[in-house]
Number of protein chains: 2
Amino acid sequence: MESVKKWDIFELTFCVENMSEPVQAGALKAAFHGEKETVEVESFYDGGNVYKVRFMPSYEGHYTYKVETGNYQLNKKSDKYEGEFEVIAADGGNHGPVQVKNSRYLAYADGTIYHSVGTTCYAWLYQTEELQRQTLETLKNSCFNKIRFCIFPKYYEFNENEPQYYPFERGISRGQDEEKAAGKIPITFPQTKEAKDIRDFNFYKPNSAYFKKVDDQIAQLRDLGIEADIILFHPYDKWGFSTMEKACNEQYLQYMVARYSAYHNVWWSMANEYDLMPFTKEEWNYYGRLVRQNDAYGHLCSIHNCMGFFDYTEDWITHCSMQKNTTYEHVEKTEQHLEKYKKPVVWDEIGYEGNVDRGWGNISGQELVRRFWESVLRGGCAGHGETYIHPEDILWWAKGGVLHGDSEPRLKFLKKIWDETPGGCLKAINEEPFDEVISIPVEENKICNWMQTTWCSYELHYFGIGRPAYRILELPEDASYQVEVIDTWNMTITDTGVHSGFTKVELPGQEWMAIRIIKK
Amino acid sequence: MESVKKWDIFELTFCVENMSEPVQAGALKAAFHGEKETVEVESFYDGGNVYKVRFMPSYEGHYTYKVETGNYQLNKKSDKYEGEFEVIAADGGNHGPVQVKNSRYLAYADGTIYHSVGTTCYAWLYQTEELQRQTLETLKNSCFNKIRFCIFPKYYEFNENEPQYYPFERGISRGQDEEKAAGKIPITFPQTKEAKDIRDFNFYKPNSAYFKKVDDQIAQLRDLGIEADIILFHPYDKWGFSTMEKACNEQYLQYMVARYSAYHNVWWSMANEYDLMPFTKEEWNYYGRLVRQNDAYGHLCSIHNCMGFFDYTEDWITHCSMQKNTTYEHVEKTEQHLEKYKKPVVWDEIGYEGNVDRGWGNISGQELVRRFWESVLRGGCAGHGETYIHPEDILWWAKGGVLHGDSEPRLKFLKKIWDETPGGCLKAINEEPFDEVISIPVEENKICNWMQTTWCSYELHYFGIGRPAYRILELPEDASYQVEVIDTWNMTITDTGVHSGFTKVELPGQEWMAIRIIKK
């Protein structure tokens, strides 16, 4: 009997015989039945007369399936209306999809806490195959376990090359002919003169040649242990993909869910900078719910802001996908957002390491790493990006390629320390019962933590841009604590020994230091 | 005829013959009459049977005075009940007292805009004469034109030495004997065991030996062109000076005004960290108004916070004397405070350059200078302090001495550029009429200033921790602009020539850069 590993893809291919105009999503339905779950999924059209159904089993054991074909006939030679297969144990490295563990933390389906260290290559899917290979090679050697990217091509500075494939076939969408001819269909961003000429796409016809490439890349990310944070809509558009009519958007979203929800590493990001797009809040809610209702696996789903945060309390949103929208204080508000939204906080954009002529893309590696530490120590997580000007004009944030900056090794170092957290979960607020929790009293410039009177069994103190030459710890007399000095930039951990009572810890008087205190 | 320079001190000394228990302030009154002003001031007791009256004339010309002695008799040989004198032109370097010019700016009495670059040596008056000399020498060679210091000695870490003089004579204050003996009088900060033993002061008897020293030092500051921001109350006390009874406080304040208001460089700071003291808001208002009502010259007067800002809209407050009370965003809110309080914003405490075990005292020189630039470019001003640990244990912020840090030369450089502002006044908000004003669009991380469409005749753009490798300026085609690249840390100004229209300015891709754009 055929077998598939848990959290892998079981795929069925059908050659429908009597369909003149292909139905992109929902032509066929399949129900998969195992001992612990019954899952219904829809097909997607994959070119020619080929339809596919993809299913991700969440349990081991015997499964059967049945296909409902409606008015269509399957190819009698190759295709079956029902069947069975065996789900065997997952690969050791496959922990399943990332899910919401509780109001603060994400975890893989097998219970392993997920410490997200993301990065961003918005338009990497649209670059040459050689450059895409290079991007994957860079990711393979990095600490990143999530990447944000757009499904639609991006038109923006440093993203001005035409893509090799388009997401839709050339042609005219039904009902749009006249308006398009009259140039009446608005283009979100930017308003270019040439935009009109190249907008001859049929938004009802996904280009399967492109999406087959995307399949490969999402699978490659999956095999590298990297979550694919798929951006479904974005405003940096000259082709009209940001202003499709409602029916096109609906079909596109159903198609995306049918095609990709069986990949365990998929996250849905409804938009990048939703507030630069011409959708109302109600429309976003409608489209968000559409994705969630179609997605049989409950993949993570959020929406990313430019100016104002979306209302993350909406039922279809699993976590906060935030861009800093203030200049000076943003990740430092992580606890407030956790408290307000009661959902995990993922800072997907906190400024990029680089030197472009934009405030969002010219911070130092040190500052980016500082923002990561602040996010993590306050109970959230963050995303990286890189925008260094260089002769090849290939900016990681835009196209991928190789990294030129200094932050990635330091993020790897942070992740190592983060992963060593007993229980996995850091948090800035020390809640009762004190001795049970892992406490992270983040150093506030203003707060003098020599006033600290309660000590947890594991503490990580971070000083950011503060540069103390020493730190007084008034530890309990009746217990012993190992105290380590951590240089978050030079990536060293120095053990100062075991201490009790009044303890003076020598520090180098430099920025970006931390202390770890572990009860023995 | 006797003469005195404008904004200098005209002092009268009286030897009162029939006063058994000296009255510290208000024993005598003197009215000074010139062509343009009539000013009434009170005497202060200066030890022995000596009373003094000090007067600062604000105009040139002939003045007469009359002394009201109440029940007292002057020494017939030496003292006169009336007299006359001539006020001649001020010294070139004496611009008169600093006053509020408008809701944003401070200016000297002669109209010269005052660009405040302050520093802080809280307890310098209580150190050895040698150390005080060294402090004055350091100030002389610095850019600082204001210093904050306490009149009462300070008890705090790095401030634990007993002063050489005390502000009051030893003894018991009337009415306090029993309570003091019972140890019932509260001590604000800190609660030390030895405090009770050394609190044998008579709070009704200022120690003229001490105040004569203070006279000299305020005069020395004045002669160096440095404003003396005198802190009248503070909570870092083990002697009881922060918990005197109302009548003592009243007499002390009258005494201070009588003694020091004739020094043109005096500012009144009602308190440092008022909110750590046991006074109510109403009491602060009462004492603040008392100072202002007694002060014939309208010296600047404010009150400095720890946690929460005082209500700077109170009538007796001339300007905002602020301590940052947030960790990450503080001076960056200068425009908001200007808008809210409609009074000049002086950031008297924004963190100190140093490496002590406190968030308020361990920022880098770079960060301190950045905060200054942000303050200044947003229409405010700021104060420096230094807290470097070193073997002698003399921290500038506490005791004065010499500077060990890197920020002072950079503040001097900032002041040079600030002083070059046409009209003197920088502001972050460009108000109509645009072409008249000096505009300072401070670079926000978030704002892309390539969207800038209005250009003023003088612009200073600051990038803070942003590190653009270049800056695109879309200048008007029909005008010419000199563009300078300013490295605020390395203290260089590079002229890139005169430009019109699309201009790409090369930058080093390092932090703390600025651009100055001057219409030709």
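Predicted, not measured: the structure shown is a model, and the values here were computed from it. Values below: all heavy atoms of this structure, side chains included; hydrogens, waters and symmetry mates excluded.
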Quick check for you: to the nearest 0.5 Å, what is the distance between [X] atom [atom1] and [Y] atom [atom2]?
X        : Y        : atom1 : atom2 : result
B:Asn362 : A:Gln510 : CG    : CD    : 11.5 Å
B:Thr327 : A:Glu329 : OG1   : CD    : 7.0 Å
B:Leu507 : A:Asp357 : CG    : CG    : 8.0 Å

Any side-chain heavy atom of B:Ile389 sitting closer than 4.5 Å to one from A:Tyr470?
-> yes
Could you check if a side-chain atom of B:Tyr328 sits within less than 4.5 angstrom of a side-chain atom of A:Glu374, using non-hydrogen atoms only?
->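 Yes, at least one pair of side-chain atoms sits under 4.5 Å.
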Please check if the side chain of A:Arg467 supplies one atom and the backbone of B:Ile363 the other of a donor-acceptor pair under 3.5 Å.
-> yes
Name the region of B:Glu511, side chain, backbone, both or neither, that has any atom closer than 4.5 Å to a heavy atom of chain A.
->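 Side chain of B:Glu511 only, per the 4.5 Å heavy-atom cut-off to chain A.
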By ring pair (Phe, Tyr, Trp, His ring centres under 6.0 Å), B:His499 pairs with (sequence neighbours left out) none
For each of B:Ser364, B:Gly351, B:Gly354, B:Gly509, tally heavy-atom pairs with chain A at distances under 4.5 Å, and name the one with the top tally.
->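 Top option by heavy-atom pairs under 4.5 Å: B:Ser364.
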